[in-house]
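Report on the structure given below.
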Amino acid sequence: MSNKELIELLKSCSPNIIYIIDEQNHILKLETPLKLLVVANIGNFQKYQTVVCTELKITTKGKIVFHIDGENYHTYYFDFIT
């Protein structure tokens, strides 16, 4: 992703809001802090542990990552607790 494309993407993103689709296909707006369930051991986190995401960030490739305890983690290690 070029810097120009990343700048355009960041104009429409928020570090505090994410929209998800639940099991009933409803769109939910979630705001930080987000409670997340760890689905695989990663870093100091164990599977089934509950953690709190304080901020959403975007990588240079346009992927969302969760900012937890001062570190950034890819979303596929977590599930939302709504």
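No hydrogens, no waters, no symmetry mates; every other heavy atom, side chains included, goes into these values.
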So side chain to side chain donor-acceptor pair (under 3.5 Å) across residues 31-42, not counting sequence neighbours, yields Asn16-Thr32
Scanning both residues in full, the closest heavy-atom pair of Cys53 with Leu36 reads CB-CD1, 3.7 Å
request  = For Val65 and Thr75, run side chain to side chain contact (heavy atoms under 4.5 Å, CB included): C-alpha distance rounded to whole Å, both residues' side-chain angles, the deciding distance at 0.1 Å, then the answer.
outcome  = CA-CA 6 Å; Val65 293; Thr75 58; 5.8 Å; no
- Query: Please walk me through it: do Leu30 and Ile20 pass side chain to side chain contact (heavy atoms under 4.5 Å, CB included)?
  - Reply: CA-CA 8 Å; Leu30 301 179; Ile20 64 168; 3.5 Å; yes
All heavy atoms of Leu56 vs all of Ile17, minimum pair found to be CD1-O, 3.4 Å
Applied to residues 26-65, the ring-ring contact (aromatic ring centres under 6.0 Å, His included) test, sequence neighbours excluded, yields Phe45-Tyr73
*Quick one: do Ile64 and Leu28 end up in the same hydrophobic cluster if we chain Ile, Leu, Val, Met, Phe, Trp and Tyr together by side-chain heavy atoms under 4.5 Å apart?*
yes
Next item on the list: Kindly say whether Ile68 contributes a backbone atom to a donor-acceptor pair with the side chain of Glu71 at under 3.5 angstrom?
Entry: no
**Message:** Within the structure provided, determine whether Val52 and Leu34 are in side-chain contact (heavy-atom separation under 4.5 Å).
**Reply:** no
Can you list the steps and then say if Val51 with Asp69 is a side chain to side chain contact (heavy atoms under 4.5 Å, CB included)? CA-CA 9 Å; Val51 296; Asp69 293 341; 5.7 Å; no
Shortest non-hydrogen pair, Ile21 vs Asn25, comes out as CG2-CA, 3.6 Å
side-chain hydrogen bond (donor to acceptor under 3.5 Å, both in side chains) filter on Asn72, not counting sequence neighbours, yields His67
Taken in chain and number order and not counting sequence neighbours, the residues that satisfy ring pair (Phe, Tyr, Trp, His ring centres under 6.0 Å) with Tyr76 are His74
Exercise. Asp22 and Phe80: side chain to side chain contact (heavy atoms under 4.5 Å, CB included), yes or no, with the steps?
Worked result: CA-CA 10 Å; Asp22 69 7; Phe80 293 98; over 6 Å; no
Nearest heavy-atom contact between Val39 and Phe78 is CG2-N, 3.7 Å
